[in-house]
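Following: one structure in structure tokens, then a few remarks.
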Amino acid sequence: MHTPPSLRLFALALLGLSALLLTACQPPEPEVPPEIPAQTPAALLARFEADVKACTSLVRTLESDRAFVESFQSAQVRSSQPVDTLLRKSAVGRSPEVAYFLSHEKYMELGVDFHGDPWAVAWVAKEPIYCAPTVARLSEIEAMGESQEAWRIRLFFLDKALENLSPPWDEGAGGMVEFDHFKTFVMEAHKLYTGSQKTAWLAWAEKAIQTLETSRKDVTEGAAGLTSQQQHQMLNERIAFLRQLAQPAK
């Protein structure tokens, strides 16, 4: 027995109406007003600090959505759709934490790294999903010139780079900052912070030298296919690079 065309159309209309009603019943996505460009270094620093705090809030929120946590770890899933789309489809997609991230994607990164990410400030508990600030705020604040606020953001990245600097004996497991990348961050600081923040920059350079000197205790014969002498020589070269920059111009 065939269903009359009129009944099929009526059934389709009911389905469409049901879908509309279901959508209407869902809570609206939280609105985050567009960000007004910051006019002062103090305002930019405050926004950077807010981004860092938002990273922690975001991963704590994501922990409640196990389906998202498990699927997001798949490289295939992450390559199939943008992060913002995956977040919007998640069970917490309408949360204030996700809304903040979606409106600040230029300044925050949500990713997966099974070896650790050197810039991460928060991780989903016991999972390789991290949130990290990008260098966008740093670029914006340093475009305004040297300032104490700019130095505080630069210091955040310098400390992260030093803490996660790949040592000569690194076996290449990942999650580290390569020395060339480290040098870039350091050289940028050396060129920019020549006035009011020069003392702070020089103090950091001395701290970095001491950190590398202390790391000599971790030299192990044969690590990464290098002799102990070769590893010490690589540390000597890194320390010499920092010492050259840390000497005040006479």
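Because only heavy atoms are used, hydrogens play no part in the values below, and waters and symmetry mates are left out as well, while side chains stay in. Each residue takes its place number in the sequence, starting with 1. Source: prediction; values computed, not measured.
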**Message:** Between Trp204 and Asp159, is there a side-chain donor-acceptor contact under 3.5 Å, judged purely by atom types and distance?
**Reply:** yes
**Item:** Polar contact flag, side-chain donor to acceptor under 3.5 angstrom, Gln73-Glu127
**Value:** yes
**Prompt:** Does the salt bridge (charged side-chain N to carboxylate O under 4.0 Å, His left out) test come out yes or no for Glu188 and Arg154, once each step is laid out?
**Reply:** CA-CA 9 Å; Glu188 288 172 352; Arg154 171 63 65 171; 2.9 Å; yes
**Message:** Closer than 3.5 angstrom, by distance alone: can the side chain of Ser147 be matched with the main-chain N or O of Ala150 as a donor-acceptor pair?
**Reply:** yes
**Message:** Less than 4.5 Å apart, side chain to side chain, heavy atoms only: is that true for Ile153 and Val135?
**Reply:** no
**Message:** Could you report the tightest heavy-atom contact between Leu86 and Arg78, atom names first, then the distance?
**Reply:** CD1-CA, 4.1 Å
**Message:** Under a plain distance cut-off of 3.5 Å, with no hydrogens placed, do Thr134 and Glu109 share a side-chain donor-acceptor pair?
**Reply:** no
**Message:** Under 4.0 Å between a side-chain nitrogen and a carboxylate oxygen: does that hold for Arg137 and Glu142?
**Reply:** no
**Prompt:** Under a 4.0 Å N-O cut-off, is there an ion pair linking Arg60 with Glu63?
**Reply:** yes
**Prompt:** Is the closest basic N to carboxylate O distance between Arg47 and Asp51 below 4.0 Å?
**Reply:** no
**Request:** Spell out, yes or no, whether Phe68 and Tyr130 are grouped together once hydrophobic residues are joined by side-chain heavy atoms under 4.5 Å, including indirect joins.
**Result:** no
**Asked** Got a sec: does the CZ of Arg152 have more than 12 other heavy atoms crowding it under 6.0 Å?
**Response** no
**Prompt:** What closest approach, in Å, do Ala246 and Leu202 show between heavy atoms, and which atom pair accounts for it?
**Reply:** O-CD2, 3.3 Å
**Request:** List in chain and number order the residues that pass ring-ring contact (aromatic ring centres under 6.0 Å, His included) with Tyr107, two or more places apart in sequence or in another chain; answer none if no residue qualifies.
**Result:** none
**Asked** With a 4.5 Å limit on heavy-atom distance, are the side chains of Glu105 and Asp84 in contact?
**Response** yes
**Prompt:** Honestly curious: do Phe72 and Leu102 fall in one hydrophobic cluster under the side-chain, below-4.5 Å linking rule?
**Reply:** yes
**Item:** Leu62 side chain near Leu110 side chain, heavy-atom distance below 4.5 Å
**Value:** yes
**Asked** Do NZ/NE/NH1/NH2 and the carboxylate oxygens of Lys191 and Glu146 come within less than 4.0 Å?
**Response** no
